[in-house]
Amino acid sequence: MNRTLVWFRRDLRISDHEPLFRAARRGWVVPVFIFDRALLKHPETGAGRVAFMLDCLAALDADLQARGGRLILRGGDPVQVLPELIRETAAEGIYAHTDCERIYGRVRDARLNQVLADQGMKIRWFEPPASLAELIPYPRYRSRWFRDMSAPLVPTPARVEVPPDIASDVLPSLQALEHIADSKPIPLGGTAAARKLLADFLSDKSDRYYWQLSYPSAEATTGLSPHIKFGAISVRECVQTIQQTPDQGDFRIRRSHQQLIARLRWGSGFAQRFRYLPQLELRSLYTVFDEDGWAFDEDLYQAWQEGQTGFPIVDAAARCLSATGGWQALNFRARAIYASFLSNLLGMDWRFGALHFMRHLIDGDCPIDHYQWAMQSGVTHCLDKTWTRIYNPGQVAVDRCDPDGAFIKHWVPELAHLAPSQLGSPPPMKGYPTPILDYRQARQKRVKQLEKQRSRFLSRVNVVPHLAHLPNDLTPFGSDRHSSEITWAQLPTESLFPAALDLTALDAQQAIALRTWFVAHVDVTPPKVRKHQTESPVNQLVLNL
């Protein structure tokens, strides 16, 4: 009987999983997950996210066992482990989804392709829904996304027959993977848990989701983002479940359903941008921002990390992230305010912020996190907009996002005795720092800087000459600050798989198509504000489900 390896990566489920379904129809299946040290010891890998992944793997194994199978676990470099496993199991080849989250993964997969070809072995790659190699304009991609999301779910195999003679490592502990638990509450992983979260949201929160997203204390999010990051549930299943849930004629529910589907689409769009331009993991979109350089102050960076800036809404977000991993308690508005403070007001490189976030976020997903960080910092600015998004972290933010002060008072208890009207600029007190910057001065400086930098590319028909290219050195940012496994980046790299866009080879029409990914496709304008209020627009595409 035919034998096929199914390599699980960020698709830890058995439903809506085409490689598994196709392999199960062929005969014996060898479902394998490989603990890859280059990812486990990536500078942006956090212990909480690894702990959640382990729970998802346990759930995946249980789901496979319920259908007669089991999950095979191995450790090591997949480029070495997989050919060995093919020989060990007498498999005919490998089925796997493509993955564009990390440059490392694309280097690894290109090397695997070459090694397998050299040894006469086969691998078949399956594109996840809404992932494609062709460069198309963003409006066409949006239509493609809806088309892919409306396609029938791939059936769940009734049986997954795994050869009984194949050995598997035991599921390791967090400590065995060289991570130390940091007391973050880890959500229950797996498909069943994801489906329950979605069902609970649709029954309990969908009448208020749209209106309460800006209020972190409301906890109006679905909590699904970690499960989507590891593929415990497919985006397509989420979309179809939402669409099949009646709105009962309630426009509040209808708007919330639409908003959640839009956020799922934005997440896919960020991944597709990284499909085209993987350099966004390491660089700003436009060269001018990194060429001009950034300010950096270790003490100020530490104050921002630890929630000691003297701005309560920023400090609350900092402490919430460190304590919870942000997957449910830190909503998109709080993340945006916290991010904007570092790059726009302290003037520091957004990559230091992304590094800190990714080391803590349970739902950390590189394309989403990095692109949002760069956007909040103004360095992926829409080509057809002239205004600047910079959040006022004072009373304006409190009034807009935490009007009763519940979020701030929970995470900054030393201010619990103050009235909400004092939480934007608390009076001097023992045990809480004074502000580390002057907002108006810092904002004015940043606006002038961004206007000067953007003048080089704003409204240009062809922006390709202004875009950053993939660097020769692919060493992950932050590897000099955190213990990391980066030997892969020190080896010659001939290609990526999937391949990146070759910016030097784009013709005029392709350049126009690429440009559509970095303009506003809706009429978003800054809100009118009172004279004392210098606030930035609230319509930000920040993904936190």
Side-chain angles (χ1 to χ4, degrees), residues 5-14 17 19-20 29-65 69-89 91 94-99 101-109 111-112 115-116 123 162 166-182 184 186 189-190 226-227 229-232 325 358-359 361-366 476 479 482-489 491:
L5 265 66
V6 176
W7 183 19
F8 286 91
R9 290 112 72 81
R10 295 207 310 145
D11 48 1
L12 306 183
R13 63 182 184 274
I14 64 172
H17 193 295
L20 178 64
V29 181
V30 184
V32 61
F33 181 87
I34 301 170
F35 291 96
D36 185 342
R37 183 173 170 80
L39 288 175
L40 290 168
K41 299 302 292 183
H42 190 285
E44 290 190 350
T45 296
R49 199 156 62 252
V50 176
F52 177 75
M53 180 189 74
L54 290 173
D55 203 43
C56 286
L57 288 169
L60 174 60
D61 182 48
D63 288 343
L64 288 167
Q65 290 191 36
R70 59 196 172 97
L71 183 62
I72 306 300
L73 300 175
R74 296 291 168 93
D77 181 352
V79 177
Q80 296 176 349
V81 172
L82 288 168
E84 292 171 359
L85 194 56
I86 288 177
R87 285 189 287 269
E88 175 188 336
T89 61
I94 304 169
Y95 283 1
H97 278 125
T98 60
D99 182 15
E101 184 195 12
R102 287 284 182 195
I103 290 175
Y104 161 71
R106 293 165 76 163
V107 170
R108 173 203 60 205
D109 291 353
R111 289 175 177 159
L112 176 64
V115 167
L116 292 174
I123 186 166
V162 178
I166 300 173
S168 172
D169 297 342
V170 297
L171 186 68
S173 66
L174 190 62
Q175 292 74 20
L177 298 177
E178 301 181 33
H179 284 276
I180 300 173
D182 54 11
K184 289 182 175 64
I186 306 300
H227 301 80
K229 184 270 187 302
F230 283 106
M358 288 294 288
R359 289 185 64 83
L361 288 172
I362 306 299
D363 60 3
D365 185 295
C366 180
S479 59
H482 303 284
S483 175
S484 308
E485 172 53 64
I486 57 171
T487 55
W488 64 271
L491 301 173

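When reading the values below, keep in mind they use all heavy atoms of this one structure, side chains included, and skip hydrogens, waters and symmetry mates.
Between the Arg13 side chain and the Leu60 main chain, no donor and acceptor come within less than 3.5 Å of each other. Between the side chain of Asp61 and the backbone N or O of Leu71, at least one donor-acceptor pair lies under 3.5 Å.
In terms of the side chain to side chain contact (heavy atoms under 4.5 Å, CB included) criterion, residue partners of Ala51 (sequence neighbours excluded) are, by chain and number, Leu174, Ile186.
Rounded to the nearest 0.5 angstrom, Ile72 CD1 and Leu85 CG are separated by 8.0 Å. In this structure, the separation between OG1 on Thr98 and CZ on Arg10 is 10.5 Å, given to the nearest 0.5 Å. Distance check: Cys366 SG to Leu361 CG gives 11.5 Å after rounding to the nearest 0.5 Å. Of the inter-residue distances, the one linking Ile94 atom CD1 with Ile123 atom CD1 reads 4.5 Å to the nearest 0.5 angstrom. Of the inter-residue distances, the one linking Phe8 atom CZ with Leu73 atom CG reads 11.0 Å to the nearest 0.5 angstrom.
Inter-residue side-chain proximity for Phe230 and Asp55 is flagged as unmet; no heavy-atom pair is nearer than 4.5 Å. Put simply, the side chain of Trp7 does not reach to within 4.5 Å of the side chain of Val81, judged on heavy atoms. Considering only heavy atoms from C-beta on, Val162 comes within 4.5 Å of Pro31 through its side chain.
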> Taking it one step at a time, do Ser484 and His42 satisfy side-chain contact (heavy atoms from CB on, under 4.5 Å)?
Replying inline: CA-CA 5 Å; Ser484 308; His42 190 285; over 6 Å; no

> Hey, mind stepping through Ile86 and Leu82 against side-chain contact (heavy atoms from CB on, under 4.5 Å) and telling me if it holds?
Replying inline: CA-CA 6 Å; Ile86 288 177; Leu82 288 168; 5.6 Å; no

>> side-chain contact (heavy atoms from CB on, under 4.5 Å), that's the test. Do Phe33 and Leu12 meet it? Break it down for me.
In response: CA-CA 9 Å; Phe33 181 87; Leu12 306 183; 4.1 Å; yes

> Can you list the steps and then say if Ile34 with Val32 is a side-chain contact (heavy atoms from CB on, under 4.5 Å)?
Replying inline: CA-CA 7 Å; Ile34 301 170; Val32 61; 4.1 Å; yes

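Note on residues 31-45: pairs passing salt bridge (charged side-chain N to carboxylate O under 4.0 Å, His left out), not counting sequence neighbours, are Asp36-Arg108, Arg37-Glu178, Arg37-Glu485, Glu44-Arg102.
Ion pairing between a basic and an acidic side chain is recognised when a charged N comes within 4.0 Å of a carboxylate O; Asp99 and Arg9 show no such pairing. Using a 4.0 Å cut-off between charged side-chain N and carboxylate O, Glu101 and Arg106 make no salt bridge.
Residues Asp363 and Gly325 share a closest heavy-atom pair of OD1-O, 4.4 Å. Across all their heavy atoms, Cys56 and Gly190 have their closest contact at SG-N, 3.7 Å. Considering all non-hydrogen atoms of both residues, Thr45 and Leu39 come closest at OG1-O, 2.6 Å. Closest of all the heavy-atom pairs between Pro83 and Val115 is CG-CG1, 3.9 Å. The minimum heavy-atom distance between Ser479 and Pro476, with the atom names listed, is OG-O, 3.1 Å. Residue Ile166 comes nearest to Arg70 through the heavy atom pair O-NH2, 2.7 Å, listed as atom of the first residue, atom of the second, then distance.
Heavy atoms from other residues, nucleotides or ligands lying under 6.0 Å from CG of Leu491 number more than 12.
Note: Phe52 and His227 have perpendicular aromatic rings, judged against thresholds of 30 and 60 degrees for the angle between ring planes.
Here His97 and His17 bring their ring centres to under 6.0 angstrom of each other. Under the 6.0 Å cut-off for aromatic ring centres, Tyr104 and Trp488 qualify, their centroids lying closer than that.
Checking Lys184, His179, Lys229 one by one against Arg49, the side chain to side chain contact (heavy atoms under 4.5 Å, CB included) holds for a single residue, Lys229.
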